[in-house]
There are 2 protein chains.
Amino acid sequence: MSLPLPGVPVRGSKTGKPIMALLDLLGRNWTLGIFWNLSQNPCTFRELQNRCENISPTLLNNRLKELQATMFVQKQAGGYALTELGEELFNHIKPLGGFSALWQQQLADKQQNRSEQADHED
Amino acid sequence: MSLPLPGVPVRGSKTGKPIMALLDLLGRNWTLGIFWNLSQNPCTFRELQNRCENISPTLLNNRLKELQATMFVQKQAGGYALTELGEELFNHIKPLGGFSALWQQQLADKQQNRSEQADHED
DNA sequence: GTCTTTGCTACATTTTATGTAGTAAGCTAC
DNA sequence: GTAGCTTACTACATAAAATGTAGCAAAGAC
């Protein structure tokens, strides 16, 4: 897969707008999951593989290469870690943790309403 | 592709943690782009197709179905639009626009340093 | 030396995405 | 009412990407 870089046309966007490159990158399978799991603390390839349950080494390696080339991840003593830029990006992603709980609640409510409605139809 | 729902195991996560479902959903090809383009204003299928340059109708339709099932998108008079929940999620994504510009700058700086270093090596 | 762990690569299979074509439904204007 | 347009898709063959298993080379422990 070609590397999405700001200023360069990417998959699905010929404009090269930085946001499109970023969304392309983040929208790749497991990229967000890698951010999430690396944010907890730096770790080795194998450990990261474990945290991203069952990710194939092939894909993990591809993603890590992409994330290193785009300055979000670096290799250091303890293994792989987010760069300063990566941490900054993660700060934007972090609130999604709380949001996802709210989302779960709303979906549950919707289901609830549906089954109530079904009851009335009886 | 199976629908990622919070509370239910998803691709790459057997725990069913809501955040994993959300990251699975957002990590699918074009999902983030659809959010971005729909946030500007509601629009028809065709218009959305145009905004997401060259997205295939098959995929667009799949993504729209997923996003409707997960309460982020709804069909209304003017076409497709973000739901209230979708808007809320988009508020978390929006700052990435500014961030991506910063990212572009930092990548440019890195390139700059590299070529300077190459000059010294001559 | 051998044993284990780590960081990968190879590769066949399966899953997704792309791209083109086409269909059915709803206007608009004679 | 029918001819011509637009819209919202679906079908399907091809291409690209992900999965999963196996294995290998290098580094460190003992």
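Only this structure's heavy atoms are used, side chains among them; waters, hydrogens and symmetry mates stay out. A, B, ... follow the sequence lines: proteins, then strands. Residue 1 opens every chain. The shown structure was predicted, so the numbers you read here are calculated from the model rather than taken from an experiment.
Put simply, CG on A:L59 is 5 Å from P on D:dA18, counting in whole angstrom units. Taking atom CG on B:D24 and atom P on C:dT15, their separation rounds to 15 Å, with Å as the unit. Summarising the geometry, the separation between CZ on A:R28 and P on C:dT16 is reported as 18 Å, rounded to the nearest angstrom. Atom pair B:Q49:CD and C:dT18:P shows a separation of 12 Å (rounding to whole Å applied). Between B:L60 atom CG and D:dT10 atom C1' the separation is 13 Å, expressed in whole Å. Rounded to an integer number of Å, the gap from CD1 of A:I55 to P of C:dG7 is 14 Å. Rounded to a whole Å, the CG atom of A:N62 is 10 Å from the C1' atom of D:dA18. Atom pair A:W30:CH2 and D:dA18:C1' shows a separation of 12 Å (rounding to whole Å applied).
Between B:R63 and C:dA17 there is a side-chain N or O to OP1 or OP2 distance below 4.0 Å. At least one side-chain nitrogen or oxygen of B:T44 sits closer than 4.0 Å to the OP1 or OP2 atom of D:dA8. The side chain of B:K75 places an N or O atom within less than 4.0 Å of a non-bridging phosphate oxygen (OP1 or OP2) of D:dC9. The phosphate of D:dC9 (OP1 or OP2) has a side-chain N or O of B:Y80 nearer than 4.0 angstrom.
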Evaluation steps, side-chain contact (heavy atoms from CB on, under 4.5 Å), between A:K110 and B:M71: CA-CA 9 Å; A:K110 188 179 88 168; B:M71 293 179 74; 3.6 Å; yes
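At least one side-chain heavy atom of B:I34 sits less than 4.5 Å from a side-chain heavy atom of B:L60. No side-chain heavy atom of A:P18 sits under 4.5 Å from any side-chain heavy atom of B:F99. For the pair B:Q40/B:R51, a side-chain contact is recorded, criterion being any heavy-atom separation below 4.5 Å from C-beta on.
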Polar pairs (N or O, both sides) under 3.5 Å between protein and nucleotides 9-12 of chain C?
residue	atom	partner	partner atom	Å
C:dT9	OP2	A:N61	OD1	2.4
C:dA10	N6	A:T58	OG1	3.1

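Identified under the ring pair (Phe, Tyr, Trp, His ring centres under 6.0 Å) test for residues 69-89 of chain B, with sequence neighbours left out: A:W103-B:F72, B:F35-B:F72.
Using a distance-only test at 3.5 Å, with no hydrogens or angles considered, a donor-acceptor pair links the side chain of B:T70 to the main chain of B:E66.
One side chain, A:Q105 or A:D109, offers a donor N or O that lies under 3.5 Å from an acceptor on the other.
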